[in-house]
Enquirer: 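Take this structure first; my questions come after.
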Amino acid sequence: MFYCSNPRCSHPFNPDNTKFCQSCGSQNLSPLFRNRYRVIRLLGEGGFGRTYEAVDTDRMDDPCVIKQFVPQFQGTSALEKAAALFQQEAKRLYELGEHPQIPRLIAYFEQNKRLYLVQELIEGQTLLAELNQQGVFSEEKIRQLLADVLPVLKFVHDRHVIHRDIKLENIIRRRTATNSSLQTGNSQNSTFRQTKRGELVLIDFGVSKQVTGSLMSKAGTTVGTAGYSPIEQMRGQVFPGSDLYSLGVTCIRLLTKCLPKADGSDELYDAVNGCWIWREKLPAGTQIGSELGKVLDKLTQDYLKNRYQSAGEVIKALNLYSLPPQPPAVKSGQLAISSLMNQGGKLAVNSMAKSGQLAVNLPPTPATLQANTNIQPQSKQINNNSPINASNKPSRLNVKNTFDFEVFTLDKCGKKINSSKSKARFFEELVGHGKVMEMVAVPSGSCLIGSPKDEGDSDEKPQHEVTLAAFYMGKFPVTQAQWAAVADLPEVKMFLNPDPARFKGANRPVENVSWYEAVEFCARLSRKTGKQYCLPSEAQWEYACRAKTVTPFHFGETITSELANYNANSAYAGGLEGVYRFQTTDVGIFKPNAFGLYDLHGNVWEWCADSWHNNYNGAPLDGSIWESGGDRSMRLLRGGSWNDRPTNCRSACRLRYQPDCRASIVGFRVVVVVS
């Protein structure tokens with residue numbers, strides 16, 4: 001089929017080998033754009049030209065979108081200026097497309113004196129279609145939307161770009177995921193970016209605006225969508241708060257299903273009093289928590305000065321996942337940006353964020369650290385390996401207590417194929433206020449650490465064998481009751497908030513604690529007991545998690561929501577989707593592994609002691625803490641969380657974050673060696 005590139009042609013499709021368009025008579029007919037892109041159908045058209053769905057014949061017919069720009073100018077000088085502006089626009093989209101929740105730019109070119117952009121095709125449905133199909137959003141879905149989109153906006157705004165048209169139609173929920181197994185390094189704008197099914201993608205940057213310095217407040221072209229755009233934007237000025245306003249309006253429309261009318265009227269907005277009346281339009285019986293309600297009210301204030309000024313402020317207000325993204329060579333997810341290199345002295349961000357979606361922020365600069373990461377910077381540094389001046393000398397421990405438990409094994413479809421009874425030794429450590437911590441004996445032995453060649457990512461390789469001495473590990477992640485008891489002990493190097501968790505419950509894991517705070521917890525407990533408590537080394541953690549297994553999970557080839565707390569909106573291997581609980585659960589309610597350890601897959605990520613290394617080349621073979629040659633500004637997390645998809649909950653999956661960050665998806669457990 002030959003396609004006519006004349007943007008004014010009413011019937012552009014022509015039979016093969018046609019010399020002239022049968023509709024408009026144009027000679028600009030071709031079966032392929034740029035001898036590469038074959039048009040499938042027309043998606044839409046407007047003042048700028050047309051948008052086509054196409055396939056990239058150079059990449060095995062990979063789906064894509066072609067946007068055709070037609071400069072409305074005459075004369076060489078005007079056309080050259082238009083081409084230069086288009087090139088700037090293409091460069092901006094190229095940079096933004098490094099984020100997996102923004103359509104990737106594939107190419108830009110000129111053909112027959114017309115300009116074209118080729119972008120990734122996002123297969124899925126817009127939030128408008130989802131609203132019409134599934135009905136109003138719940139508070140949980142709105143929180144998840146904000147957790148997904150706010151880090152994307154922060155990424156965009158940090159690059160001095162304002163989207164200017166955030167609305168239901170410009171946010172798509174991805175239907176399919178990009179398989180990351182073909183990833184071969186940190187190639188910028190790699191086709192094999194990791195993405196996940198169900199993540200939200202921000203599209204249509206066609207009217208986005210580059211702003212820097214004083215240009216931020218200069219009037220420009222008035223663009224946007226009535227019913228979503230704030231006052232200052234309709235007057236030609238835009239700020240990060242302008243996009244946040246549009247996002248807030250998007251949320252209240254999803255909560256109420258009240259959309260702007262074609263005649264310009266809007267039942268959700270009280271024009272007389274100048275305010276949104278979304279609470280009055282909520283479906284009967286719907287309750288929205290005060291925290292979220294206050295955030296939505298502040299997002300949608302008419303006057304810019306009364307709104308949040310940055311996406312980081314909103315993330316902090318909602319106590320969302322305020323972890324920065326990982327640097328290069330990690331996986332697709334919360335939160336995910338493709339291999340930005342260091343520029344202007346700023347820390348490079350990660351090439352592929354984890355597929356859980358984690359929703360994450362960009363690395364903060366010193367000036368914005370506290371606001372953007374919801375942390376309290378400490379002047380004191382803690383060395384996890386430094387000895388504790390304990391008042392009691394470590395004593396020998398004769399462990400006689402045992403407990404019985406049942407271990408399940410699943411096949412790749414999630415079907416139970418085996419269950420067995422087992423027994424493990426443990427001792428109880430009194431931590432204060434009558435609270436005890438159960439420490440389970442992990443036997444000595446050898447284990448393959450990391451992923452085989454056909455599984456996982458480059459940072460999980462090479463797979464290698466380690467041989468470890470016996471140690472004791474917490475039966476569960478540290479709970480909020482245990483944390484509060486230890487927080488009441490005398491300070492060693494820093495203050496501990498006795499109640500930091502977002503999801504309250506004495507037997508739920510403590511979260512929202514930094515690596516430094518976890519180390520302080522160990523220091524206080526060591527001084528109280530005379531034993532050397534510490535965070536596990538990464539090798540200790542994976543050895544303990546695997547419990548002699550070699551499968552992706554200690555359960556077997558897959559994982560189910562009946563056996564762990566994670567985002568089960570997606571499945572692993574041949575398993576099925578399950579329950580996504582949107583929060584932590586009490587420890588110990590799921591089945592343990594063969595060592596008698598609970599909650600190693602999901603619930604909360606767990607801090608490890610090691611510095612970050614990009615791979616396992618040169619890793620110690622005795623399972624000790626690996627500091628040498630690593631990036632000490634980053635610390636390890638293992639195990640996945642309640643918000644992560646299955647692939648991030650694998651035994652071998654690695655994550656790294658700055659040690660002073662806190663998030664509602666991060667906790668820890670401790671280890672100790674006793675004789």
Enquirer: With no hydrogens and no angle check, is any side-chain donor or acceptor of H157 less than 3.5 Å from a backbone partner on H163?
Expert: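 Checking the backbone N and O of H163 against the side chain of H157, no donor-acceptor pair under 3.5 Å is found.
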
Enquirer: Where is the tightest heavy-atom contact between F555 and T558, given as atom of each residue plus distance?
Expert: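 Closest pair (atom of F555, atom of T558, distance): CB-O, 4.0 Å.
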
Enquirer: Identify, with sequence neighbours excluded, every residue that meets salt bridge (charged side-chain N to carboxylate O under 4.0 Å, His left out) alongside K298.
Expert: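 None.
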
Enquirer: List the steps and the verdict of side-chain contact (heavy atoms from CB on, under 4.5 Å) for V314 and V295.
Expert: CA-CA 7 Å; V314 191; V295 168; 3.8 Å; yes

Enquirer: Could you name each residue pair satisfying side-chain hydrogen bond (donor to acceptor under 3.5 Å, both in side chains) that touches residues 246-256, not counting sequence neighbours?
Expert: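 For residues 246-256, and leaving out neighbouring residues, the side-chain hydrogen bond (donor to acceptor under 3.5 Å, both in side chains) pairs sorted by first residue read R253-D266.
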
Enquirer: Quick one: list whatever passes side-chain contact (heavy atoms from CB on, under 4.5 Å) with N14, sequence neighbours left out.
Expert: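 If we apply the side-chain contact (heavy atoms from CB on, under 4.5 Å) test to N14, skipping adjacent residues, the hits are F2, C4, T18, C21, Q22, L29.
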
Enquirer: For F553, what residues pass the ring-ring contact (aromatic ring centres under 6.0 Å, His included) criterion, not counting sequence neighbours?
Expert: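 Testing F553 for ring-ring contact (aromatic ring centres under 6.0 Å, His included), a comparison that skips the adjacent residues, returns Y572, H601.
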
Enquirer: Would you say the side chain of L153 lies within less than 4.5 Å of the side chain of I166, judging by non-hydrogen atoms?
Expert: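 Side chain of I166 against side chain of L153, heavy atoms only: contact under 4.5 Å found.
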
Enquirer: Are the side chains of I106 and Y37 in contact, using a 4.5 Å heavy-atom criterion?
Expert: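 Touching, per the 4.5 Å side-chain cut-off.
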
Enquirer: Any side-chain heavy-atom pair from Q101 and L202 closer than 4.5 angstrom?
Expert: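 No, side chains not in contact.
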
Enquirer: Going by an N to O cut-off under 4.0 Å, is there a salt bridge joining R645 and E199?
Expert: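 No.
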
Enquirer: Can you tell me how far the CG atom of L145 sits from the CG atom of L150, to the nearest 0.5 Å?
Expert: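 Here the rounded value is 8.5 Å.
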
Enquirer: Spell out, as yes or no, whether a donor-acceptor pair under 3.5 Å connects the side chain of R159 to the backbone of F155.
Expert: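 It does hold such a pair.
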
Enquirer: Closer than 3.5 angstrom, by distance alone: can the side chain of D644 be matched with the main-chain N or O of C649 as a donor-acceptor pair?
Expert: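 Between the backbone of C649 and the side chain of D644 there is no qualifying donor-acceptor contact (under 3.5 Å).
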
Enquirer: Keeping Y566 on the side-chain end and S561 on the backbone end, is there a donor-acceptor pair under 3.5 Å?
Expert: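 Yes; judged by distance alone, with no hydrogens or angles, the pair exists.
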
Enquirer: Is there a side-chain contact (heavy atoms from CB on, under 4.5 Å) between R662 and V666? Walk through the geometry before answering.
Expert: CA-CA 7 Å; R662 304 186 183 99; V666 173; over 6 Å; no

Enquirer: Taking only residues two or more places apart in sequence, or in another chain, which ones meet E280 in a salt bridge (charged side-chain N to carboxylate O under 4.0 Å, His left out)?
Expert: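 Expected list: none.
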
Enquirer: Provide the closest heavy-atom pair for T126 versus L168 in the form atom of the first, atom of the second, distance.
Expert: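 Looks like CB-O, 3.7 Å.
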
Enquirer: Mind checking what makes side-chain hydrogen bond (donor to acceptor under 3.5 Å, both in side chains) contact with Q309, not counting sequence neighbours?
Expert: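 With sequence neighbours excluded, Q309 shows a side-chain hydrogen bond (donor to acceptor under 3.5 Å, both in side chains) to no residue whatsoever.
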
Enquirer: For residues L318 and L146, report the shortest heavy-atom separation together with the two atoms involved.
Expert: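 Closest heavy-atom pair between L318 and L146: CD1-CD1, 3.5 Å.
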
Enquirer: Kindly write out the residues that satisfy ring-ring contact (aromatic ring centres under 6.0 Å, His included) with F137, not counting sequence neighbours, or none if the list is empty.
Expert: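 Once residues adjacent in sequence are excluded, F137 has no partner under the ring-ring contact (aromatic ring centres under 6.0 Å, His included) criterion.
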
Enquirer: With a 4.5 Å cut-off on side-chain heavy atoms, are F239 and S242 touching?
Expert: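 Yes, at least one pair of side-chain atoms sits under 4.5 Å.
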
Enquirer: Using side-chain heavy atoms (C-beta onward) and a distance below 4.5 Å, is F109 in contact with F33?
Expert: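 F109 reaches F33 side chain to side chain.
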
Enquirer: I'd like to know if R502 pairs up with E291 as an ion pair, taking the criterion as any Lys NZ or Arg NE/NH1/NH2 lying under 4.0 Å from an Asp or Glu carboxylate oxygen.
Expert: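 No, R502 and E291 are not salt-bridged.
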
Enquirer: Mind checking side-chain hydrogen bond (donor to acceptor under 3.5 Å, both in side chains) for S138 and listing every partner two or more places apart, or none if nothing turns up?
Expert: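 In terms of side-chain hydrogen bond (donor to acceptor under 3.5 Å, both in side chains), with neighbours along the sequence ignored, S138 is linked to E140.
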
Enquirer: Could you name each residue pair satisfying salt bridge (Lys or Arg N to Asp or Glu O under 4.0 Å) that touches residues 558-573, not counting sequence neighbours?
Expert: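 For residues 558-573, and leaving out neighbouring residues, there are no salt bridge (Lys or Arg N to Asp or Glu O under 4.0 Å) pairs at all.
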
Enquirer: Of the options N603, N567, N565, which is the one that meets R581 in a side chain to side chain contact (heavy atoms under 4.5 Å, CB included)?
Expert: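 Considering N603, N567, N565, a side chain to side chain contact (heavy atoms under 4.5 Å, CB included) with R581 is found only for N565.
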
Enquirer: For P103 versus V201, what's the shortest heavy-atom pair and its separation?
Expert: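 Heavy-atom minimum between the residues: CD-CG1, 3.9 Å.
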
Enquirer: Check whether any side-chain heavy atom of K415 sits under 4.5 Å from a side-chain heavy atom of L410, and report yes or no.
Expert: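 The answer is no, as the side chains (C-beta and beyond) never meet within the 4.5 Å cut-off.
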
Enquirer: Among all residues two or more places apart in sequence or in another chain, which pass the side-chain hydrogen bond (donor to acceptor under 3.5 Å, both in side chains) test with D263?
Expert: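 Partners of D263 under the side-chain hydrogen bond (donor to acceptor under 3.5 Å, both in side chains) test: S265.
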
Enquirer: Counting only heavy atoms not in K412, do more than 12 sit closer than 6.0 Å to its NZ atom?
Expert: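 At most 12 heavy atoms, drawn from other residues, nucleotides or ligands, come within 6.0 Å of this atom.
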
Enquirer: How far apart are the closest heavy atoms of P63 and L121, and which atoms are they?
Expert: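 Closest pair (atom of P63, atom of L121, distance): CB-CD2, 3.5 Å.
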
Enquirer: Is there a donor-acceptor contact under 3.5 Å linking the side chains of Y580 and N643?
Expert: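 A pair is found: one side chain offers a donor N or O, the other an acceptor, under 3.5 Å apart.
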
Enquirer: According to side-chain hydrogen bond (donor to acceptor under 3.5 Å, both in side chains), who are the partners of E557, at least two apart in sequence or on a separate chain?
Expert: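 If we apply the side-chain hydrogen bond (donor to acceptor under 3.5 Å, both in side chains) test to E557, skipping adjacent residues, there are no hits.
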
Enquirer: As a quick check of understanding, evaluate side-chain contact (heavy atoms from CB on, under 4.5 Å) for K257 and N132, giving each step before the final call.
Expert: CA-CA 8 Å; K257 205 176 181 180; N132 290 330; 3.7 Å; yes

Enquirer: When rounded to the nearest 0.5 angstrom, what is the spacing between CG in L200 and CZ in R173?
Expert: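 That separation rounds to 4.5 Å.
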
Enquirer: Are K67 and D204 within salt-bridge range, i.e. N to O under 4.0 Å?
Expert: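 Judged by the 4.0 Å cut-off on N to carboxylate O distance, K67 and D204 do form a salt bridge.
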
Enquirer: Should Q287 and E139 be marked as a side-chain contact (heavy atoms from CB on, under 4.5 Å) after you check the CA-CA gap, both sets of side-chain angles, and the distance that decides it?
Expert: CA-CA 8 Å; Q287 296 292 328; E139 176 173 355; over 6 Å; no

Enquirer: To the nearest 0.5 angstrom, please state how far the CG atom of L268 sits from the CG atom of L255.
Expert: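 Between L268 CG and L255 CG, I get 9.5 Å after rounding to 0.5 Å.
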
Enquirer: What distance separates I66 CD1 from Q119 CD, expressed to the nearest 0.5 Å?
Expert: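 Result: 11.0 Å between the selected atoms.
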
Enquirer: Any heavy-atom pair between the side chains of R307 and P230 that's under 4.5 Å?
Expert: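 Counting from C-beta outward, P230 and R307 do come under 4.5 Å.
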
Enquirer: Scan side-chain atoms only and decide if N648 and W605 contain a donor-acceptor pair under the 3.5 Å cut-off.
Expert: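 There is no such pair (donor and acceptor under 3.5 Å, judged by atom type) between the side chains of N648 and W605.
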
Enquirer: The criterion is ring-ring contact (aromatic ring centres under 6.0 Å, His included); which residues satisfy it with F503, sequence neighbours excluded?
Expert: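 In terms of ring-ring contact (aromatic ring centres under 6.0 Å, His included), with neighbours along the sequence ignored, F503 is linked to W642.
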
Enquirer: How long is the span from the OH atom in Y269 to the OG1 atom in T300, to the nearest 0.5 Å?
Expert: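 If we round to the nearest 0.5 Å, Y269:OH and T300:OG1 are 9.5 Å apart.
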
Enquirer: Do Q111 and Y116 have side-chain atoms, one donor and one acceptor, less than 3.5 Å apart?
Expert: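 No, Y116 and Q111 have no side-chain donor paired with an acceptor closer than 3.5 Å.
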
Enquirer: Would you mind checking if D297 and R279 are paired as a salt bridge, meaning a charged N to carboxylate O distance below 4.0 Å?
Expert: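 Salt bridge: yes.
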
Enquirer: Less than 4.5 Å apart, side chain to side chain, heavy atoms only: is that true for K141 and Q134?
Expert: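 In contact.
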
Enquirer: Nearest 0.5 angstrom please: L247 CG to I171 CD1, how far?
Expert: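 One gets 6.0 Å once the value is rounded to the nearest 0.5 Å.
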
Enquirer: Give the minimum heavy-atom separation between I277 and E267, together with the two atoms involved.
Expert: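 Distance-wise, the nearest heavy atoms are CD1-O, 3.7 Å.
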
